[in-house]
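Heavy-atom basis, side chains included; hydrogens, waters and symmetry copies ignored. Letters A, B, ... are given to chains in the order of the sequence lines, protein chains preceding strands, and every chain is numbered from 1. Keep in mind that what you see is a predicted model, and the values were worked out from it rather than measured.
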Amino acid sequence: MPELPDVEVYRRRLDRGVLNKTIRKVSVSDSRILDGVNAATLARRLKGRRFVDTRRHGKHLLVRLDKGGWVHFHFGMTGAVHHIRDGDRPLPYTRVRFDFSDGDHLAYTSKRLLGRVGLTADADAFVAEHALGPDALDSEMDLAAFRKALSGTTRAVKAALMDQEALAGIGNVYSDEILFHARIDPRTPATKLDAAKMRRLHRTMRRLLETAVERGAGSDDFIDRVPRGWLLPHRHKDGRCPRSHGALATYKIGGRTSYFCPRCQR
DNA sequence: TTAAGTGTTGCTCT
DNA sequence: AAGAGCAACACTTA
C-alpha cells in the first residue's frame, strides 16, 4: 500500500542496507515498468556506480548515484523495494534487480506493473516536473503551509488531501485514516473547515503519518503492529467503526472507495 | 464467476 | 476553468 509512510520505510531500508555498495549488474524482467529509459541504457548507466543518498517526496523515492544522477522509483498500488541478501531466494514479481558486488541485491517488485522506475538528472527538477506539492511530512509542512495546501478549493476535503499537486504523499487509505481520527466527514468541502478543524486535521495528519512510519508501514508484518483504534483493519465490507462499533459507510470518489463512520465523523 | 482494489494518467462532460 | 467520472494498466482475492 505504498503511500507516504510505506515509501519512507522503503527509503530507510535502502539507507540501512544498500548505500555505498557497488552495482555490478542491473536486470529488467519487464521493461513496461521503465519510465523514459530502456533496459540497456539503465544497466549501462548504473554499472560500476554506487547509491549514495536517498530522498523521498510524497510517494516518490529518489536514490542518488555517485558521480551524479538519480534513480527514481514510484510504486503504484503494489510495488515495493527489498534488500535481498546473498543466497536468499529472489522475490516473485521482481521487475528490476540491482545486483551489488557483495552478492546482495535490491529488488524492485511490482505485481500489477503500475509503478515506474527511471533516471533523472536532478531530484528538485523531478519534483517540479511532476508538479508535486509540498511533502506532507516535511518539517516545513506547518499549520500555515497545510492551510495553504487545502485552500482555494471547493472539493471534498478527502479529495484535497489526496491531490498530489496540493500535498504530496497521502492516498486513499491514509486520507480515510486521518479524517477518521480528526472526526471529519470526508465529504466536507475543504473551504468549510473552520480554524479548529483545520488545526485538528493538520495535527492528526502529522501524528498518524509519523506513527505509521515508526510501526513499519509497508512491511509484511505491519498489519500486526497497526495501533488499536485505527480504521485501517476495518476498511472492508461489513467493517465496523473501532470507536462507536457502528457500521462503516462507504462512498466513491474518483473510483476509489472511501470508508468512514457517519456517527463519529461529521 | 464477477468485481473490486492501495495509484496515476488522460480524456470527456458539465 | 475546476472538478467529477471513467477507463486503462495486470493481477489477486473475496
If I take atom [atom1] in residue [X] and atom [atom2] in nucleotide [N], what distance separates them, rounded to the nearest angstrom?
{"X": "L114(A)", "N": "dT8(B)", "atom1": "CG", "atom2": "P", "result": "10 Å"}
{"X": "E165(A)", "N": "dG3(C)", "atom1": "CD", "atom2": "P", "result": "12 Å"}
{"X": "D35(A)", "N": "dT8(B)", "atom1": "CG", "atom2": "C1'", "result": "11 Å"}
{"X": "I170(A)", "N": "dT6(B)", "atom1": "CD1", "atom2": "P", "result": "16 Å"}
{"X": "Y10(A)", "N": "dG7(B)", "atom1": "OH", "atom2": "P", "result": "12 Å"}
{"X": "D163(A)", "N": "dG7(B)", "atom1": "CG", "atom2": "C1'", "result": "13 Å"}
{"X": "K252(A)", "N": "dG7(B)", "atom1": "NZ", "atom2": "P", "result": "13 Å"}
{"X": "K158(A)", "N": "dG5(C)", "atom1": "NZ", "atom2": "P", "result": "13 Å"}

Worksheet item: Could you write out DNA chain C as a dot-bracket string, with dots for unpaired bases, | for bases paired across to another strand, and Watson-Crick or G-U pairs counted at under 3.5 Å?
Response: .||||||||.||||
Ignoring backbone atoms, test whether [X] places a side-chain nitrogen or oxygen under 4.0 Å from the OP1 or OP2 oxygen of [N].
{"X": "H74(A)", "N": "dT8(B)", "answer": "yes"}
{"X": "T153(A)", "N": "dA2(C)", "answer": "no"}
{"X": "K59(A)", "N": "dG7(B)", "answer": "yes"}

Practice prompt. Just say parallel, tilted or perpendicular for the rings of F146(A) and H202(A), cut-offs at 30° and 60°.
Written response: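 Tilted.
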Fill in: Flag for S101(A)-R24(A): side-chain donor and acceptor within less than 3.5 Å
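Checked: R24(A)/S101(A) side chains show no N/O donor-acceptor pair below 3.5 Å.
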Practice prompt. Show your reasoning for whether side chain to side chain contact (heavy atoms under 4.5 Å, CB included) applies to S31(A) and N38(A).
Written response: CA-CA 7 Å; S31(A) 57; N38(A) 63 47; over 6 Å; no
Closest to the [X] side chain: [options]?
{"X": "K111(A)", "options": "dT6(B), dA4(C), dC11(C)", "result": "dC11(C)"}
{"X": "Y93(A)", "options": "dT12(C), dG3(C), dT8(B)", "result": "dT12(C)"}
{"X": "V173(A)", "options": "dT12(C), dT6(B), dG5(B)", "result": "dT6(B)"}
{"X": "T257(A)", "options": "dG5(B), dC11(C), dG3(C)", "result": "dG5(B)"}
{"X": "R155(A)", "options": "dG5(B), dA4(C), dT6(B)", "result": "dA4(C)"}

Discussion item. Heavy-atom nearest nucleotide on DNA chain C for T154(A) versus G255(A): which residue maps closer to 5'?
Written reply: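 Checking each residue's closest nucleotide, the 5'-ward one belongs to T154(A).
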Discussion item. Is there a salt bridge (charged side-chain N to carboxylate O under 4.0 Å, His left out) between K158(A) and D176(A)? Walk through the geometry before answering.
Written reply: CA-CA 7 Å; K158(A) 155 127 174 154; D176(A) 277 359; 2.6 Å; yes
Worksheet item: Do any N or O atoms from the side chain of R95(A) and from the backbone of G115(A) form a donor-acceptor pair under 3.5 angstrom?
Response: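 The answer is no, because no donor-acceptor pair under 3.5 Å joins these two groups.
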Worksheet item: Donor-acceptor pair under 3.5 Å: do we get one between R256(A)'s side chain and the base of dG7(B)?
Response: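 In this structure, the two groups form a donor-acceptor pair.
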Worksheet item: Are H60(A) and H72(A) an aromatic pair by the rule of ring centers under 6.0 Å?
Response: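 No, the ring of H60(A) stays outside the 6.0 Å limit from the ring of H72(A), centre to centre.
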